[in-house]
Amino acid sequence: MYRQLVSLQQLSSRSISSSARRQVDNMVKEKQKLFQADNGIPVHLKGGAKDAILYRATMALTVFGSGFVVYELLNAAMPKKA
């Protein structure tokens with residue numbers, strides 16, 4: 001029990017800087033230029049194809065979910081007679 005407590009203490013006292021495995025480039029300026037460009041594309045689609053697929057999938061799920069809710073509400077409001 002004591003060994004587990006000591007190992008947990010060592011794990012929790014590990015510094016954040018030692019956990020970084022590799023250096024990551026700062027891409028903020030490039031992303032700001034991309035998203036602030038006035039090219040007529042909505043901001044939620046400026047990320048490229050991945051954003052477009054995610055947007056369409058979200059819209060499809062929203063429409064399907066809304067239709068299913070309406071269907072279930074109608075079923076609950078007008079139950080079948082046995």
Side-chain angles (χ1 to χ4, degrees):
M1 176 70 179
Y2 182 71
R3 283 189 294 169
Q4 291 174 345
L5 196 59
V6 169
S7 65
L8 182 63
Q9 181 183 11
Q10 288 174 349
L11 182 66
S12 65
S13 67
R14 186 174 167 202
S15 68
I16 293 174
S17 64
S18 68
S19 65
R21 298 271 187 236
R22 60 187 172 95
Q23 193 70 11
V24 178
D25 293 332
N26 190 358
M27 304 281 292
V28 174
K29 291 289 184 189
E30 290 85 13
K31 292 289 184 182
Q32 282 179 341
K33 286 179 186 176
L34 172 72
F35 284 98
Q36 290 179 354
D38 188 19
N39 53 6
I41 300 174
V43 71
H44 59 274
L45 296 176
K46 284 190 177 184
K50 189 168 71 169
D51 279 351
I53 291 170
L54 183 63
Y55 174 74
R56 288 184 180 131
T58 303
M59 288 298 110
L61 285 172
T62 302
V63 169
F64 175 75
S66 299
F68 187 71
V69 166
V70 169
Y71 171 76
E72 288 298 323
L73 282 173
L74 288 174
N75 265 351
M78 297 179 284
K80 295 179 182 174
K81 294 182 180 178

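Being a predicted model, the structure only gives us computed values, none of them experimental.
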- Message: Hydrophobic cluster membership, with links at side-chain heavy-atom distances under 4.5 Å among I/L/V/M/F/W/Y: are L73 and F68 in one?
- Response: no
- Message: For residues M59 and I41: do they belong to one hydrophobic cluster (side chain heavy atoms under 4.5 Å, members Ile, Leu, Val, Met, Phe, Trp, Tyr)?
- Response: yes
- Take atom CZ in F35; do more than 12 heavy atoms of anything else shown fall under 6.0 Å from it? yes
- Message: Restricting to non-hydrogen atoms, name the atom on Q36 and the atom on K46 that form the minimum distance, rounded to 0.1 Å.
- Response: C-NZ, 4.2 Å
- Item | Separation of K50 NZ from L45 CG (nearest 0.5 Å) | 13.5 Å
- Message: Is there a continuous path of hydrophobic side-chain contacts, each under 4.5 Å between heavy atoms, that joins L61 to I53?
- Response: no
- Message: For N39, is the CG atom crowded, meaning more than 12 foreign heavy atoms sit under 6.0 Å from it?
- Response: yes
- Message: As a test of understanding, state which of K31, Q32, M27 forms a side chain to side chain contact (heavy atoms under 4.5 Å, CB included) with K29.
- Response: Q32
